[in-house]
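The block underneath contains the structure these notes are about, expressed in structure tokens.
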Amino acid sequence: MLKVENLAVHYGVIQAIHDVSFEVNQGEIVSLIGANGAGKTTILRTISGLIRPSQGKVEFEGKAIEKAAPQKIVASGLSQVPEGRHVFPGLTVKENLEMGAFLRKDAGVKDDYEQVYQKFPVLKERLSQDASTLSGGEQQMLAMGRALMSKPKLLLLDEPSMGLAPIFIKEIFSIIQEIQQQGTTILLIEQNAKMALSIADRGYVLETGRIVLAGTGEELLASDEVRKAYLGG
Ligand SMILES: Nc1ncnc2c1ncn2[C@@H]1O[C@H](COP(=O)(O)OP(=O)(O)OP(=O)(O)O)[C@@H](O)[C@H]1O
Ligand SMILES: [Mg+2]
């Protein structure tokens with residue numbers, strides 16, 4: 001469904017991503033894990049069309065998208081929840097969700113609001129509240145709800161667990177699995193290797209801009225390298 005081939009990304013003269021290749025198949029949860037500064041967000045923003053690669057290809061459902069405009073990419077069924085959530089302050093919860101549905105012209109929008117409220121009941125209770133007054137965990141839910149309102153075939157999540165209490169992390173990860181079960185494919189970017197690999201069909205480990213390991217979630221969780229570097233031994 002998504003194919004990244006020999007990707008290189010530069011910031012000025014500094015190369016952040018080196019020859020990265022990976023793929024996400026329809027129906028999978030694929031986790032990309034790595035430490036601070038490994039290049040996770042750079043890869044996600046490149047897939048979303050917000051950064052142009054200096055080399056390599058990004059294919060979504062067989063079409064090259066590395067030169068496409070970000071809004072075209074969203075309209076084609078690929079949506080991201082950015083790092084740090086970025087809900088729109090000054091807009092209510094409902095208005096934030098509406099922004100997610102902005103590019104849609106189909107008749108299913110109404111049902112999809114209901115689906116989002118079912119997954120995140122707290123949002124329904126707070127529809128008229130300013131998004132900036134939500135707690136961190138609630139903002140993560142709103143950012144996910146907003147992305148779901150664009151009805152993505154592939155959902156990209158950038159560190160959904162960041163800054164959240166363990167109980168919220170558990171809830172968010174179980175909702176990610178529910179979203180997969182309802183037919184959306186997921187690319188999950190995380191520093192929380194344990195959680196991310198435990199729900200992943202497959203995963204990749206990114207170190208200083210290079211993929212150094214690949215395998216099923218189970219294989220990676222059991223591997224010595226991952227245990228030493230990410231799971232505390
Ligand atoms: N706009 C930018 N200009 C220059 N360098 C950048 C820019 N954005 C990121 N970088 C650099 O690129 C590298 C990868 O950063 P990136 O944000 O992709 O890492 P990350 O894996 O998402 O890290 P984190 O887990 O901390 O979010 C880092 O060395 C970072 O300093
Ligand atoms: Mg990041």
Side-chain angles (χ1 to χ4, degrees), residues 2-24 29-58 65-67 69-70 73-74 78-87 136-137 139-144 146-147 152 154-166 168-169 172-173 176 186-200 202-215 217 220-221 223 225-232:
L2 178 75
K3 211 175 192 176
V4 172
E5 265 178 32
N6 308 113
L7 196 70
V9 181
H10 287 75
Y11 292 112
V13 296
I14 302 203
Q15 185 164 2
I17 300 299
H18 303 260
D19 198 27
V20 161
S21 300
F22 65 94
E23 57 188 25
V24 181
I29 295 180
V30 172
S31 292
L32 182 61
I33 63 165
N36 282 126
K40 303 180 299 295
T41 298
T42 301
I43 290 175
L44 188 139
R45 290 174 61 84
T46 306
I47 295 169
S48 305
L50 299 168
I51 301 178
R52 297 298 175 209
S54 33
Q55 215 187 325
K57 280 199 283 198
V58 182
I65 59 166
E66 71 273 356
K67 295 194 179 79
I73 294 175
V74 173
L78 199 162
S79 203
Q80 68 154 331
V81 179
E83 185 175 356
R85 295 104 176 145
H86 294 286
V87 301
Q139 288 190 27
Q140 180 62 46
M141 292 175 182
L142 177 54
M144 286 172 70
R146 187 180 61 194
L154 174 63
L155 183 63
L156 311 178
L157 297 163
D158 194 350
E159 298 207 41
S161 79
M162 190 172 50
L164 302 186
F168 262 124
I169 296 180
I172 295 278
F173 275 76
I176 293 170
I186 290 167
L187 176 60
L188 173 61
I189 287 182
E190 265 293 345
Q191 279 190 55
N192 187 334
K194 194 172 182 183
M195 288 298 283
L197 292 175
S198 67
I199 66 164
R202 292 184 307 108
Y204 297 88
V205 179
L206 190 70
E207 267 175 33
T208 54
R210 292 181 172 82
I211 286 180
V212 294
L213 270 180
L220 290 176
L221 270 177
S223 86
E225 291 101 315
V226 171
R227 291 165 68 101
K228 272 194 206 113
Y230 301 97
L231 305 175

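Start at 1 with the first residue, then count along the sequence. Note that ligands are numbered from 1 as they come in the structure, with each ligand's atoms numbered from 1 the same way. Keep in mind that the numbers below use all heavy atoms, side chains included, and drop hydrogens, waters and symmetry copies.
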Using side chain to side chain donor-acceptor pair (under 3.5 Å), reason through Glu5 and Ser21 one step at a time and then give a plain yes or no. CA-CA 4 Å; Glu5 265 178 32; Ser21 300; over 6 Å; no
Note: ligand 1 atoms sitting under 4.0 Å from heavy atoms of Ala16 are 12 (O)
Does ligand 1 have an atom under 4.0 Å from some heavy atom of Ala35? yes
Decide whether the shortest distance between a heavy atom of Arg45 and an atom of ligand 1 is less than 4.0 Å. no
Report, as a single number, the protein N, O or S atoms less than 2.8 Å from the Mg ion (ligand 2). 2
Atom 23 (O) of ligand 1 has as its nearest protein heavy atom Gly37 N, 2.8 Å
Value rounded to 0.5 Å, distance of CD1 in Ile189 from CG in Leu44: 4.0 Å
Give me the nearest non-hydrogen protein atom to atom 16 (P) of ligand 1 as residue plus atom name, then the distance to 0.1 Å. Thr42 OG1, 3.6 Å
I'd like to check which ligand 1 atoms, numbered from 1 as shown, lie under 4.0 Å from a non-hydrogen atom of Glu83. 27 (O)
Between Lys40 and Asp158 (side chain of the first, backbone of the second, donor and acceptor by atom type, cut-off under 3.5 Å), is there such a pair? no
Which protein heavy atom lies closest to atom 26 (O) of ligand 1, and at what distance to 0.1 Å? Asn36 ND2, 2.7 Å
Numbered atoms of ligand 1 (with element) below 4.0 Å of Thr41, judged on heavy atoms: 17 (O), 18 (O), 20 (P), 22 (O), 27 (O)
Between Leu206 and Ile43, is there a side-chain heavy-atom distance shorter than 4.5 Å? yes
With no hydrogens and no angle check, just 3.5 Å: does a side-chain donor-acceptor pair link Ser161 and Glu190? yes
Hey, is Gly39 one of the residues with a heavy atom under 4.0 angstrom from ligand 1? yes
The protein heavy atom nearest to atom 25 (O) of ligand 1 is Lys40 NZ, 2.6 Å
